[in-house]
2 protein chains.
Amino acid sequence: MASTLAEKIIAHSCGREQVRPGEIITASIDLLMMHDSGGPRRVASRLEALGATVWDPDRVVVVSDHFVPAVDIESAEILALTRRWARANGVRHYDSVGICHVVLQEHGHIQPGMFCVGGDSHSTSGGAFGAFMMGVGATDITAALVTGEIWLKVPETVRVNWNGELAAGVSAKDMMLFLCASLGMGNENQAFEYDGPAVRRMSMSERMVLCNMSAELGAETGIVTADAATLHALELAGRPFAGDIGRWQSDSDAACLANHCFDASTLEPQIAAPHSPANSRPAASYGRVAIDQAYIGACTGAKLSDLQMAAEVLKGRKVARGTRLLIAPASVEMTARAAADGTLRILTDAGAILLPTGCGACAGMGAGMVAGGEVCLSTTARNFKGRMGSSESMVYLGSPYSVAAGAVKGEICDPREMLAETA
Amino acid sequence: MASTLAEKIIAHSCGREQVRPGEIITASIDLLMMHDSGGPRRVASRLEALGATVWDPDRVVVVSDHFVPAVDIESAEILALTRRWARANGVRHYDSVGICHVVLQEHGHIQPGMFCVGGDSHSTSGGAFGAFMMGVGATDITAALVTGEIWLKVPETVRVNWNGELAAGVSAKDMMLFLCASLGMGNENQAFEYDGPAVRRMSMSERMVLCNMSAELGAETGIVTADAATLHALELAGRPFAGDIGRWQSDSDAACLANHCFDASTLEPQIAAPHSPANSRPAASYGRVAIDQAYIGACTGAKLSDLQMAAEVLKGRKVARGTRLLIAPASVEMTARAAADGTLRILTDAGAILLPTGCGACAGMGAGMVAGGEVCLSTTARNFKGRMGSSESMVYLGSPYSVAAGAVKGEICDPREMLAETA
């Protein structure tokens, strides 16, 4: 009987031929990721109380991204605990600096067909590599860390097909904001599989945005079938895929909960109004909304390709007076690459203020918090009320193109205007 | 009767021919600087209660550097208040992003012969431009803001003459650590005047370190007579000096409290051990001191020339595993220049983690705080117990050369070893 990619991976993870949506199964974990917030500081004492140990330290990746860099003694102590715990428990992968989802990508940890769990809601990002990766809380992480297993209800698959080609100035972020507005945020227990010519043309970074923001759809995960781009990225990361990617794709006749088809070429830049990604509509439809802070950061908005998108807009331009543009690159490695390829120069020439790598203001605990009454336009994935600071602040979401353009104009605008001028 | 430069400026500021050490006078203020920590959030309500206004908004510079970027709602609100207050009170210079002492330099605010006050203990930095600038607290700032005047006791002048030339890998920071160890930190009511061939060869950034760390000597201020380098810097900043610098120098026969002479060419790189700059001794004299965190930041250690010193050491090298190297450039403008001239590339290639511009961990309120039991080697000016985080942390001070070298070796070392290898 035909199966979707998600079902195939789950079946493999529990040693079965096939699984069906709605079944509850116990999966073996190929890779477990946890970060400094939901990781050691939550699980260490529980493991100790249980007298339990880590099932396989080589399958565990610990990333410090929420409390980096330490801004107070408490965060400094959490980071020190995280490092100590990792070393004491034989976890070798613990000291890369970057947002966890991006670090996993940079080191090629996630491979097609893997069943992975991450202690962060945006762990769905890993699906960009043709893996099944879901986010869980610290209690589930503790149990998974000891047993190497986790239970789940097999999700329905929803297929989203993007035909055509994205126009200049439009990106994966716009696709997902559009999707949040179209389908809402209540798509629980569903695996979103993205495909179509526009997705096939995408870089891995852009595919990660699709899978990442599947969490905003309320989905269990997002997934993109591996192809040549995936294999190339894994090679570059020094972890070439040894298996057969032909095995890890949906059967064409597999049953799905829904099949959506959209045309990428007609998609306009989208902006989500406060306080939900589902409040998205075309950037051009906004009247004058003045911006106090433009924020380019987080796993959905500050990878190298995101910084390059922003640079396309910012080249030869200056941030408007009265608006501050904050840019927090997604990892130290990407910062170095942006320094090497001239991107950082363009950003800083425009007057951008560089923030440290980490989850930062997106997680509500780092640099870039917003005061009451202030308006922020942000590349982050979520604009829930108060998430980036005061509950009286207003956070809008957009692509790196849109946020950069907003910083230059000092208000929300369609970035295609500026890109057209440049061209 | 002969006068020192400090006495001449003070006399001018109170409309007198001459003043003598120990006299209490009332000076007119040419420039008043305050930052987000001691500034509007402290003075706004006091002014309101007094029904008083700012004496001359054009002579006031407000810089946000302690709470930038906002890491919580409280800091976001303080920054918003700072901006609002400046606009409401007609202060035009309020939105440059960088450490206050560096922003003043970049914009040419401080000119030879000026009498200036700053709401920060390291305001003594301004003396590098042949001005008299002293640091005061928020209460004095409030009064000065209303009256444009401030009282002070005329300080004694101490002259420090540096003969010879600094060796490669030795810098102004080493001079000041050496001086703190030699003279102690109790030199109250003294103005330190730096001169000699080694000082004349120095960039304005290096002279600022001399004046800045005069605060560590416990002095009222530090000062360097203006010369061609000063005039050139003011021109570059777009504020060429219109006066006669010949007027603003000490008379050769002026009475001084002390005249110190040192030989720059024999000075070794210095490291201050916890918990005082006065605990300085040659870097080479330390045994094995492993470093958890190397911090290149603050007004004494993260200006463009400081970043370039670090890059000299870091070029082609990598930060040691187990040590993190954090770099917080001193201003947005300097970040842009470091991006343009290739410095940021060298730093990030070595594995440095970029932190945002601002006072940061030096002020104990930004990124880079240190946990209990951790060792930090830092370019900041002070290593008072607990200043950079836990009171159980150990902070050592050194030059950008020394901190970069320590990051590569993972322990305190003499940076000249590495520079010799490179050459």
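Please read all numbers here as calculations on a predicted model, not as lab measurements. Order of the sequence lines fixes the chain letters, A, B, ..., with proteins taken first and strands second; residue numbering starts at 1 for each chain. Reckoned from all heavy atoms, side chains included, excluding hydrogens, waters and symmetry mates.
- With a 4.5 angstrom heavy-atom cutoff, B:Ala352 touches chain A only via backbone atoms.
- The salt bridge (charged side-chain N to carboxylate O under 4.0 Å, His left out) analysis of residues 358-368 of chain B, with sequence neighbours excluded, yields no pairs.
- Put simply, of A:Gly386, A:Ala340, A:Gly373, the one with the most heavy-atom pairs under 4.5 Å next to chain B is A:Ala340.
- Most heavy-atom pairs under 4.5 Å with chain B: of the set A:Ala371, A:Pro329, A:Gly372, this distinction falls to A:Ala371.
- Listed options A:Pro69, A:Ala338, A:Ala70, A:Ala339 were ranked by heavy-atom pairs under 4.5 angstrom with chain B; first place goes to A:Ala70.
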List, with distances to 0.1 Å, the donor-acceptor pairs found between chain A and chain B - the cut-off being under 3.5 Å and no angle criterion applied.
{"from": "A:Ala70", "atom 1": "O", "to": "B:Gly368", "atom 2": "N", "distance (Å)": "2.6"}
{"from": "A:Ala70", "atom 1": "O", "to": "B:Met369", "atom 2": "N", "distance (Å)": "2.9"}
{"from": "A:Glu77", "atom 1": "OE2", "to": "B:Gly372", "atom 2": "N", "distance (Å)": "2.8"}
{"from": "A:Arg83", "atom 1": "NH2", "to": "B:Glu374", "atom 2": "OE2", "distance (Å)": "2.7"}
{"from": "A:Arg92", "atom 1": "O", "to": "B:Arg321", "atom 2": "NH2", "distance (Å)": "3.3"}
{"from": "A:Asp95", "atom 1": "OD1", "to": "B:Arg321", "atom 2": "NH2", "distance (Å)": "3.1"}
{"from": "A:Asp95", "atom 1": "OD2", "to": "B:Arg321", "atom 2": "NE", "distance (Å)": "2.7"}
{"from": "A:Asp95", "atom 1": "OD2", "to": "B:Arg321", "atom 2": "NH2", "distance (Å)": "3.2"}
{"from": "A:Arg321", "atom 1": "NE", "to": "B:Asp95", "atom 2": "OD2", "distance (Å)": "2.7"}
{"from": "A:Arg321", "atom 1": "NH2", "to": "B:Arg92", "atom 2": "O", "distance (Å)": "3.3"}
{"from": "A:Arg321", "atom 1": "NH2", "to": "B:Asp95", "atom 2": "OD1", "distance (Å)": "3.1"}
{"from": "A:Arg321", "atom 1": "NH2", "to": "B:Asp95", "atom 2": "OD2", "distance (Å)": "3.1"}
{"from": "A:Gly368", "atom 1": "N", "to": "B:Ala70", "atom 2": "O", "distance (Å)": "2.6"}
{"from": "A:Met369", "atom 1": "N", "to": "B:Ala70", "atom 2": "O", "distance (Å)": "2.9"}
{"from": "A:Gly372", "atom 1": "N", "to": "B:Glu77", "atom 2": "OE2", "distance (Å)": "2.8"}
{"from": "A:Glu374", "atom 1": "OE2", "to": "B:Arg83", "atom 2": "NH2", "distance (Å)": "2.6"}

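- Ranking B:Leu344, B:Ile353, B:Val370 against chain A, the residue ahead of the rest is B:Ile353, based on heavy-atom pairs under 4.5 Å.
- For residues 359-368 of chain B, a heavy-atom distance under 4.5 Å to chain A picks out B:Met365, B:Gly366, B:Ala367, B:Gly368, given by residue number.
- Of all heavy-atom pairs spanning A:Val332 and B:Gly351, the tightest one is CG1-O, 4.2 Å.
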